[in-house]
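Read through the structure below, which is laid out as structure tokens, and then see the notes.
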There are 2 protein chains.
Amino acid sequence: MALHKRDQFTSSEQQLAVIAKALGHPARIAILQLLAQRQSCVCGELVTELPIAQSTVSQHLKELKAAGLVQGEVDGPRVCYCIDRAGWARARHLLSGLLADLPEPAAACAC
Amino acid sequence: MALHKRDQFTSSEQQLAVIAKALGHPARIAILQLLAQRQSCVCGELVTELPIAQSTVSQHLKELKAAGLVQGEVDGPRVCYCIDRAGWARARHLLSGLLADLPEPAAACAC
DNA sequence: TTCGTTTATCGTCGATTAACGATTGCAAAG
DNA sequence: CTTTGCAATCGTTAATCGACGATAAACGAA
């Protein structure tokens with residue numbers, strides 16, 4: 001583990017960046033929205049809904065899981081995915097904080 | 001311009017992903033927050049505040065500009081950066097939409 | 001014009017990402 | 001026990017990212 005420039009930023013900046021990065025692909029956005037709409041949660045359903053290969057879906061699910069946004073539970077031969085409640089609550093908090101820090105600017109900037 | 005798998009997703013999924021990707025680095029989060037706090041906006045100020053090289057800051061600013069989150073105006077030898085009002089409003093809208101689509105889940109998922 | 005200041009771009013490097021097919025691992029069904 | 005079906009992992013490839021130093025471009029001042 002080398003010391004990256006990354007480590008020079010605040011913890012909250014880094015956490016927010018991790019969340020945003022996880023959201024930074026249309027497939028992962030689509031997965032989250034599918035998980036929110038349907039309870040179904042089954043990985044195979046996601047594969048049929050999405051225009052990408054099974055292995056790629058699995059990869060994206062892994063990244064979402066690593067970011068704490070999604071959790072998967074093995075249910076026999078299939079795996080049931082759903083939104084990670086605690087992780088998503090944290091993500092909501094961080095994103096709302098950003099929206100609060102950067103409000104709709106009332107006036108144009110001086111320059 | 002080849003046809004990417006990317007193009008199989010909805011426009012709103014792609015737009016949101018572009019925004020999220022732009023937010024997916026702590027330096028870019030920090031830049032946005034600095035631009036929100038201070039009116040200063042000058043590129044040089046950002047460089048002295050951030051733990052990364054000038055060329056790297058410039059690179060991040062370019063990406064933020066490409067995502068429509070920031071705009072820069074040349075003011076003599078220096079460049080004054082500020083948050084892009086219209087772009088940020090769009091970003092706010094998309095992010096709020098995501099937070100609305102994925103509300104705090106009331107009940108645990110079935111699996 | 002020449003110089004110093006400020007910012008953007010270039011070129012490079014290693015690391016990471018995104019995608020796929022193929023393979024493996026596992027649990028239920030037969 | 002063997003087969004089947006689902007999902008994760010492996011291995012590969014091309015592309016993108018992040019960082020830096022060096023260079024170029026633009027401008028104001030001397």
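Naming convention: chains lettered A, B, ... in sequence-line order (proteins, then strands); numbering from 1 in each chain.
Scanning for side chain to side chain donor-acceptor pair (under 3.5 Å) contacts around A/Glu63 gives A/Arg28, with sequence neighbours left out.
Surrounding CZ of B/Arg90 are at most 12 heavy atoms belonging to other residues, nucleotides or ligands under 6.0 Å away. Surrounding CZ of B/Arg92 are more than 12 heavy atoms belonging to other residues, nucleotides or ligands, all under 6.0 Å away.
The separation between B/Ile52 atom CD1 and D/dG21 atom P is 12 Å, rounded to whole Å. Between the C1' atom of D/dA8 and the CG atom of A/Asp75 lies a distance of 16 Å, rounded to the nearest Å. Separating the CD atom of B/Glu73 from the P atom of D/dA26 is a distance of 18 Å, rounded to the nearest angstrom. As a whole-Å value, the separation of B/Leu23 CG from D/dG18 C1' is 17 Å. Atom NE2 in B/His60 sits about 12 Å away from atom C1' in D/dC20, given to the nearest Å. Residue B/Phe9 contributes atom CZ, which lies 11 Å from atom C1' of C/dA18 at whole-angstrom precision. C/dA18 atom P lies 14 Å from atom CG of A/Leu50, rounded to whole Å.
Residues A/Ile52 and A/Val42 fall into different hydrophobic clusters, defined by Ile, Leu, Val, Met, Phe, Trp and Tyr side chains chained together at heavy-atom separations under 4.5 Å.
For the side chain to side chain contact (heavy atoms under 4.5 Å, CB included) with B/Leu69, the qualifying choice from B/Val18, B/Leu23, B/Ile83 is B/Leu23, the only one to do so.
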*State the dot-bracket string of DNA chain D. Criteria: Watson-Crick or G-U wobble, both atom distances under 3.5 angstrom; notation: ( ) intrastrand, [ ] crossing earlier pairs, | interstrand, . unpaired.*
||||||||||||||||||||||||||||||
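Under the 4.5 Å side-chain criterion, counting only non-hydrogen atoms from C-beta, A/Trp88 is in contact with B/Leu99. Within the 4.5 Å cutoff, no side-chain heavy atoms of A/Lys62 are placed close to those of A/Ser58.
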_Return a single string for nucleotides 3-10 of chain C, one symbol per nucleotide in 5' to 3' order, where B is base contact, S is sugar-phosphate-only contact and - is none, cutoff 4.0 angstrom on heavy atoms._
---SBBB-
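Residue whose closest nucleotide on DNA chain C sits further toward the 5' end, between A/Glu63 and A/Val74: A/Glu63.
Using a 30° and 60° split on the angle between ring planes, B/His25 and B/His60 fall in the tilted class, from 30° to 60°.
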*Please assess B/Leu34 against B/Leu50 for the test side chain to side chain contact (heavy atoms under 4.5 Å, CB included), listing each intermediate value before the final yes or no.*
CA-CA 10 Å; B/Leu34 283 170; B/Leu50 296 170; 4.2 Å; yes
